[in-house]
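A quick write-up on the structure given underneath.
Because only heavy atoms are used, hydrogens play no part in the values below, and waters and symmetry mates are left out as well, while side chains stay in.
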Amino acid sequence: MKEAKEMLFSIIVPVYNRRDEVADLLRSLEAQTDKGFEIILVEDGSTQPALPDGKGPEGMRLKYFQKSNEGRSIARNYGIAGADGDYFIFVDSDCILPPEYIASLRRSLAENPVDCFGGPDAAHESFTDLQKGINYAMTSFLTTGGIRGGKVSMEKFTPRTFNMGYSREVFESVGGFREMFSEDIDMSTRIRNAGFSISLFPDVYVYHKRRVDLKKFWKQVHVFGMSRITLELLYPGSMKLVHWLPAVFTVGAAALIIGSFFWHWLIIPLLLYIMALWIGGIIATKSLKIASLGVVAAMVQLTGYGTGFIKAYVNKILLGKGRDIRQEVEIRKGSNEGL
């Protein structure tokens, strides 16, 4: 492996009808202080190409591929096949990278030369208040236990594909992404099981726009909850206490609300939790409005994930419908919703 100062990074982005977001991403890449990278955009069956003329900003090292719709994991693997980098970096099309992203990554790898890395996400000042509220809900220790890049976490750090990278050596040993939901957790697990090192780089962060409305957000986290059961079937014993918490919250909150019609004091624990979320949001965002939206987003997140988790647990584990999950994961062709 080359020294960090000599590495070329390949930034691989799967795209599906995200023209405006890709434009924002490319502007942020154009502003990087460290130019030692290439950009690989893979249009996965888009009907509205991000680059209609096939060209990006002048002077950028960019490769632009268009292919039929097969799913975001296959699109990422397609990008890897055309990459020249020593490290493959994966970000989502709805991300913006701060100007020091590549420089911070190079510095972090020089100090800690790991095989695979991941970084946290944050809310950019240009994001809507709802996007900032959703970001708070997804990154707060009170909702996710710090598993998405927090400094304090209830389980081992697992890189996510909105901000993740690994070496060419890892790819040659482990292979590419499998087409499934939570493909990044699957990939990280395979990397760790193969004996490669994984680390969180706190300073290598991205601005992640996430969903722009609560209905889409609920649908997304509902699928996340379902996919956690798939991961447990693929990797028995991988499910930890933190993964159960949204389901426990969903059932517990419903019981407290129903019970409060008979004993009013039962609602107090739920109200105290909501108050803690709200105060934490005020401290984190310095905004009453964003903190309030963050509480709403947290309720959507916890119940969406919790109901998806419960649904899949009943169907795939209790009813035994997940016995052929390994074969299903290998042959599934996914949709592009969420790219």
Side-chain angles (χ1 to χ4, degrees), residues 2-15 18-42 50-51 55-64 76 79 83-114 116-129 131-132 134-136 138-139 148-151 157 159-167 184 199-210 212 284-287 290 339:
K2 296 179 182 177
E3 293 186 10
K5 64 181 180 180
E6 301 172 339
M7 287 180 181
L8 173 69
F9 300 111
S10 295
I11 301 176
I12 299 169
V13 187
V15 181
R18 295 294 184 94
R19 182 179 297 177
D20 292 340
E21 291 178 348
V22 169
D24 291 339
L25 172 60
L26 290 179
R27 278 192 289 270
S28 73
L29 289 168
E30 191 176 17
Q32 291 298 303
T33 58
D34 185 325
K35 306 296 184 182
F37 64 92
E38 65 175 359
I39 307 160
I40 300 176
L41 295 180
V42 183
L51 302 177
K55 299 179 181 179
E58 188 173 346
M60 296 189 74
R61 184 171 180 175
L62 184 146
K63 298 175 183 176
Y64 183 57
R76 291 189 185 103
D84 294 322
D86 304 293
Y87 258 80
F88 307 128
I89 302 171
F90 306 95
V91 299
D92 287 342
S93 58
D94 58 355
C95 289
I96 297 174
L97 276 57
E100 295 291 326
Y101 179 90
I102 295 295
S104 296
L105 173 57
R106 198 178 299 278
R107 182 170 57 252
S108 296
L109 283 172
E111 296 170 355
N112 182 19
V114 295
C116 174
F117 82 91
D121 60 336
H124 192 268
E125 59 182 9
S126 67
F127 289 2
T128 67
D129 288 341
Q131 286 175 320
K132 293 175 182 178
I134 290 175
N135 183 79
Y136 167 67
M138 290 293 284
T139 57
R148 301 182 73 87
K151 293 182 180 179
F157 171 66
R160 312 296 176 109
T161 44
F162 62 77
N163 187 12
M164 174 184 184
Y166 53 77
S167 67
D184 43 11
S199 184
L200 165 66
F201 288 163
D203 296 331
V204 185
Y205 63 92
V206 301
Y207 299 114
H208 195 187
K209 295 177 184 176
R210 301 191 184 279
V212 294
T285 67
K286 298 178 175 59
S287 167
I290 295 172
L339 283 192

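- Using a cut-off of 4.0 Å between Lys/Arg side-chain N and Asp/Glu carboxylate O, Asp121 and Arg160 are scored as not salt-bridged.
- Applying the side-chain contact (heavy atoms from CB on, under 4.5 Å) rule to Asp34 yields the partners Ile102, Ala103, Arg106; only residues at least two apart in sequence or on another chain are considered.
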| message | Using side-chain contact (heavy atoms from CB on, under 4.5 Å), reason through Val114 and Phe201 one step at a time and then give a plain yes or no. | response | CA-CA 10 Å; Val114 295; Phe201 288 163; 3.7 Å; yes
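- Proximity of Asn135 to Tyr207: side-chain heavy atoms (C-beta onward) are nowhere separated by under 4.5 Å.
- Going from atom CG of Leu105 over to atom CZ of Phe37 covers 11.5 Å, rounded to the nearest 0.5 Å.
- Minimum heavy-atom separation, Tyr205 to Ala122: CD1-CB, 4.5 Å.
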| Given Phe127 and Ile134, is the side-chain contact (heavy atoms from CB on, under 4.5 Å) satisfied, shown in steps? | CA-CA 11 Å; Phe127 289 2; Ile134 290 175; over 6 Å; no
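- The minimum heavy-atom distance linking Ala83 with Phe88 is given by the pair CB-CE2, 3.6 Å.
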| task | Applying side-chain contact (heavy atoms from CB on, under 4.5 Å), run through Phe117 and Ser199 and close with a yes or a no. | result | CA-CA 5 Å; Phe117 82 91; Ser199 184; 5.5 Å; no
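- Shortest non-hydrogen contact noted between Ser93 and Pro14 is CB-O, 4.0 Å.
- Partner Val15 forms a side-chain contact (heavy atoms from CB on, under 4.5 Å) with one of Val42, Leu41, Leu25 and no other, that one being Leu41.
- No option in Asp94, Asp24, Asp20 other than Asp24 meets the salt bridge (charged side-chain N to carboxylate O under 4.0 Å, His left out) test with Lys209.
- Using a 4.5 Å heavy-atom cutoff, the side chains of His124 and Pro98 are not in contact.
- Not one N or O on the side chain of Asp86 forms a donor-acceptor pair closer than 3.5 Å with the backbone of Met7.
- A distance of 7.0 Å separates CG of Asp84 from CD1 of Ile40, quoted to the nearest 0.5 Å.
- Heavy atoms only, all atoms of each residue included: Phe9 and Leu109 are closest at CE2-CD1, 3.7 Å.
- Judged by distance alone, with hydrogens and angles left aside, the side-chain atoms of Lys132 form a donor-acceptor pair with the main-chain N or O of Glu125 at under 3.5 Å.
- Residue Ile11 holds its CD1 atom at 5.0 Å from CD1 of Ile89, rounded to the nearest 0.5 Å.
- Taking CD of Gln131 as the reference point, atom NE2 of His208 lies at 10.0 Å (rounded to 0.5 Å).
- Arg107 and Asp203 are not joined by a salt bridge, as no carboxylate oxygen comes within less than 4.0 angstrom of a charged side-chain nitrogen.
- For the pair Arg76 and Asp92, the salt-bridge criterion is met [side-chain N within less than 4.0 Å of a carboxylate O].
- Between the NZ atom of Lys35 and the CG atom of Leu8 there is a distance of 14.0 Å, given to the nearest 0.5 Å.
- Contact annotation: the side chain of Val22 never approaches that of Val13 to less than 4.5 Å [non-hydrogen atoms, C-beta and beyond].
- Between atom CD of residue Glu38 and atom NZ of residue Lys63 there is a gap of 4.0 Å, rounded to the nearest 0.5 Å.
- Across every non-hydrogen atom of Met164 and Cys116, the tightest pair is CE-SG, 4.3 Å.
- When every heavy atom of Glu21 is checked against every heavy atom of Arg18, the shortest pair comes out as OE1-NH1, 2.6 Å.
- At distances below 3.5 Å, at least one donor-acceptor pair connects side-chain atoms of Ser10 with backbone N or O atoms of Gly85.
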